[in-house]
*Asks:* 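Right, I'll just put the structure down here and ask away after.
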Amino acid sequence: MTKSTSDFDVLIVGSGASGLSLALALADHVDVAIVSKSSLEESATFYAQGGVSAVVDQTDSIESHVADTLDAGAGLCRVDVAEFIVQRGRERIEWLIEQGVPFTTQQSPDGSVDFHLTREGGHSRRRVVHAADATGRVIETTLIERVRAHPGISIFERHMAVDLVTFAKLGVTPDRCVGAYVLDLDRDLVRTIGAKCCVLATGGAGKVYLYTSNPDVATGDGVAMAWRAGCTVSNMEFVQFHPTCLYHPKAKSFLLTEALRGEGGYLLLESGERFMHRFDERQELAPRDIVARAIDHEMKRTGSDHVYLDVTHKPVDFLTEHFPTVLEKCASFGIDITSMPIPVVPAAHYFCGGVVTDVRGHTTLPGLYAVGEVACTGLHGANRMASNSLLECLVIAEAAAASILSTIAETPSRPDIPVWDESQVTDSDEEIVVAHNWDELRRFMWDYVGIVRSSKRLERARNRVDLLHNEISEFYGNFRISGDLIELRNLVQVAELIIRSALKRRESRGLHYTLDYPSRDDRNYARDTTLRAGDFS
Ligand SMILES: Cc1cc2nc3c(=O)[nH]c(=O)nc-3n(C[C@H](O)[C@H](O)[C@H](O)COP(=O)(O)OP(=O)(O)OC[C@H]3O[C@@H](n4cnc5c(N)ncnc54)[C@H](O)[C@@H]3O)c2cc1C
């Protein structure tokens, strides 16, 4: 591997809604680099179907949107943060339209044209702005077009950030983030990229679980890098599981929309028996976390690795008209949803916790920002309300850009960053270790740290993750790095943070449910679970 070095004003890691919108807000004023470990498009943003929540209807109010957000967050949302973000929703939607995003509209009886709004779980009214059922795809591709056309943005595709460079690592005080080591996956070389400010916009970590709705890039790299650099992280135990992902060996992360249950779909065991009535009187229409927990319970009880979602009692015309995408996707795997039940499994969907930031994206490390799903601003608390996440990406990216532009001139100068040192490492002849550990990690996280937890299962997971941690550290120290090894190292780190956080919360609240403490305990636990560098080695 050879090395190369470059310098920018701002280095952004990640090209989803947060990274792209931040780059566009900065690039008229400063030099920006975006590194993205796959193609620019590949991100959770691209797959978002529902839309962006925002107060755009005259009969809606900021107070109502904030109240719904706080209600979903089960007592842990920060009110000031929710207000800050919700107040800026309309302005961000208008900004997206200026960039060229064609949101779905409708004509009112008086002839005026308004946004067509949908209603999703937790919202007390229709307030989700969308572009048909492919909102994320449209936002992502529109912003990419703008980013590619901007002369002030340098793009590094198939470049994976490995670790942040900090003053502490260079022996300089006080500490500050001054760049990152980045692996060029095609040329197999590690670049050193220096920057006055770095921004983590790396998304979530769904790949830490066996089943996830997230794309392959969601390996928690940002949280792991920030943690290694000494940042504080919070609320990692609050992982949102979507109840129904298609279960098929060849189907990676295809979500079966909640509307299928909304329109009367049944959940069935392998025996053909319905079971939701045993868990909630709303049956299949109970909230997401309750349905996911019920499915998980039945899968563990019966030893089965999936349940079924059955819509065969609905007329074929109805299914064809309302669910063309589901129909087509399932058919491509040989499942005719008009005549056979669909195998489904819950899947890790969204991480409410992450790197602690304020509403301007500042982490606890000067020079380092975090924006989007990687961050924990306090908006989501213990449970995210649907479609609040893209809103958060857009609002915090704009606020972070303003903060960066107002402070970048004062950035202290720094010594040269040493190039990546691999004089002590050799090529690995044991890639099987990485593949095996990936599988093992995702399986025990699913079994022991999934939807329903217990102290015993969490302790088991902690023992296993400690072993993996040691094994991977040794591997990392002795062999040349690869994309898979970097991701596994980060996943193990994130798993450890989730397990430690879950063990600290001795109650059930929002997305964290444990059999040992099944009730909410406001007296002792109405607070964030915060982990700081040095809390454990
Ligand atoms: C199937 C699905 C549907 C969803 N639907 C909705 C919805 O309707 N509304 C809503 O509000 N939210 C929805 N969400 C959640 C929402 O899409 C995400 O929270 C949001 O898009 C996250 O945006 P982001 O910019 O933070 O990260 P992402 O969009 O995930 O982008 C992360 C980027 O970082 C890159 N990256 C990661 N690590 C590295 C590294 N080490 N080096 C370089 N690059 C790296 C990735 O390649 C990617 O480009 C959905 C999520 C999924 C998975």
*Asks:* Is there a side-chain contact between Met445 and Val465, using heavy atoms and a 4.5 Å cut-off?
*Replies:*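 Contact flag for Met445/Val465 side chains = no.
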*Asks:* Between Ser455 and Tyr517, is there a side-chain heavy-atom distance shorter than 4.5 Å?
*Replies:*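 Tyr517 vs Ser455: side chains touch.
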*Asks:* Filter on salt bridge (Lys or Arg N to Asp or Glu O under 4.0 Å), then keep only pairs touching residues 144-153, sequence neighbours left out; what's left?
*Replies:*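 Residue pairs passing salt bridge (Lys or Arg N to Asp or Glu O under 4.0 Å), neighbours aside: Arg148-Glu157.
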*Asks:* For Ser36, what residues pass the side chain to side chain donor-acceptor pair (under 3.5 Å) criterion, not counting sequence neighbours?
*Replies:*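 Side chain to side chain donor-acceptor pair (under 3.5 Å) list for Ser36, sorted by chain: Ser15.
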*Asks:* Going by the rule side chain to side chain donor-acceptor pair (under 3.5 Å), which residues pair with Glu42 if we only count those two or more places apart in sequence or in a different chain?
*Replies:*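 Glu42: side chain to side chain donor-acceptor pair (under 3.5 Å) contacts with Tyr47.
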*Asks:* Please list, one pair per line, the donor and acceptor atoms closer than 3.5 Å that link side chains of residues 20-29 to other protein atoms, with sequence neighbours excluded.
*Replies:*
residue: Ser21; atom: OG; partner: Ala17; partner atom: O; Å: 2.6
residue: Ser21; atom: OG; partner: Ser18; partner atom: O; Å: 3.3
residue: Asp28; atom: OD1; partner: His150; partner atom: NE2; Å: 2.7

*Asks:* For Ala251, check side chain to side chain contact (heavy atoms under 4.5 Å, CB included) against everything at least two apart and list the hits.
*Replies:*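 Ala251 satisfies side chain to side chain contact (heavy atoms under 4.5 Å, CB included) with Leu246, His248, Phe333 only.
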*Asks:* In the structure I gave you, are the side-chain heavy atoms of Leu379 and Leu391 within less than 4.5 Å of one another anywhere?
*Replies:*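 No; the side chains remain at least 4.5 Å from each other.
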*Asks:* Applying ring pair (Phe, Tyr, Trp, His ring centres under 6.0 Å), name anything that partners Tyr181, two or more places apart in sequence or on another chain.
*Replies:*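 Tyr181 satisfies ring pair (Phe, Tyr, Trp, His ring centres under 6.0 Å) with Trp420 only.
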*Asks:* Using distance alone, with no hydrogens and no angle criterion, decide if Arg489 and Asn437 have a side-chain donor and acceptor under 3.5 Å apart.
*Replies:*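 Short answer, no.
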*Asks:* Hey, does Phe241 have a side-chain heavy atom less than 4.5 Å from the side chain of Asp296?
*Replies:*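 The answer is no, as the side chains (C-beta and beyond) never meet within the 4.5 Å cut-off.
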*Asks:* Looking at Lys37 and Asp221, is there a salt bridge between them, counting it only when a charged N and a carboxylate O are closer than 4.0 Å?
*Replies:*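 So Asp221 pairs with Lys37 through a salt bridge.
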*Asks:* I need the full list of salt bridge (Lys or Arg N to Asp or Glu O under 4.0 Å) pairs touching residues 463-479, with sequence neighbours left out, sorted by first then second residue.
*Replies:*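 The answer is Asp466-Arg500.
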*Asks:* According to ring pair (Phe, Tyr, Trp, His ring centres under 6.0 Å), who are the partners of His512, at least two apart in sequence or on a separate chain?
*Replies:*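 Counting only residues at least two positions away or on another chain, His512 forms no ring pair (Phe, Tyr, Trp, His ring centres under 6.0 Å).
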*Asks:* Check ring pair (Phe, Tyr, Trp, His ring centres under 6.0 Å) between Tyr369 and all other residues, then give those that pass, not counting sequence neighbours.
*Replies:*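 Result, ring pair (Phe, Tyr, Trp, His ring centres under 6.0 Å) vs Tyr369: His362.
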*Asks:* Can you find a heavy atom in the side chain of Phe46 that is under 4.5 Å from one in the side chain of Thr141?
*Replies:*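 Phe46 reaches Thr141 side chain to side chain.
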*Asks:* Output yes when Glu398 and Arg88 qualify as a salt bridge under the 4.0 Å nitrogen-oxygen rule, no when they do not.
*Replies:*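 Judged by the 4.0 Å cut-off on N to carboxylate O distance, Glu398 and Arg88 do not form a salt bridge.
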*Asks:* Does a donor on one side chain and an acceptor on the other come within less than 3.5 Å for Glu392 and His380?
*Replies:*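 A donor-acceptor contact under 3.5 Å links the two side chains.
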*Asks:* So do Thr514 and Arg457 actually touch side chain to side chain, heavy atoms under 4.5 Å?
*Replies:*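 A side-chain contact is absent here, since even the closest heavy-atom pair is not under 4.5 Å.
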*Asks:* In this structure, are over 12 heavy atoms from other groups packed under 6.0 Å from Arg228 atom CZ?
*Replies:*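 Yes, the 6.0 Å shell around CZ holds more than 12 heavy atoms from other groups.
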*Asks:* Checking side-chain polar atoms at under 3.5 Å, does Tyr448 have a donor or acceptor matched by the opposite partner on Arg460?
*Replies:*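 Looking only at side-chain atoms, Arg460 and Tyr448 do not form any donor-acceptor pair under 3.5 Å.
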*Asks:* Salt-bridged, Lys456 to Glu459, with N to O below 4.0 Å?
*Replies:*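 The answer is no: the pair does not qualify as a salt bridge.
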*Asks:* Excluding sequence neighbours, so at least two apart, what forms ring pair (Phe, Tyr, Trp, His ring centres under 6.0 Å) with Phe475?
*Replies:*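 If we apply the ring pair (Phe, Tyr, Trp, His ring centres under 6.0 Å) test to Phe475, skipping adjacent residues, the hits are Phe479.
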*Asks:* Measure from NZ or CZ of Arg509 to the centre of the six-membered ring of Tyr525, then state whether that distance is under 6.0 Å and the direction lies within 45° of the axis.
*Replies:*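 Judged by the rule (NZ or CZ under 6.0 Å from the ring centre, within 45° of its axis), Arg509 is not positioned above Tyr525.
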*Asks:* Just to verify, what does Thr529 make a side chain to side chain donor-acceptor pair (under 3.5 Å) with, not counting sequence neighbours?
*Replies:*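 Thr529 satisfies side chain to side chain donor-acceptor pair (under 3.5 Å) with Glu237, Arg505 once adjacent residues are dropped.
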*Asks:* Partners of Asp521 by side chain to side chain donor-acceptor pair (under 3.5 Å), sequence neighbours excluded?
*Replies:*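 If we apply the side chain to side chain donor-acceptor pair (under 3.5 Å) test to Asp521, skipping adjacent residues, the hits are Asn524.
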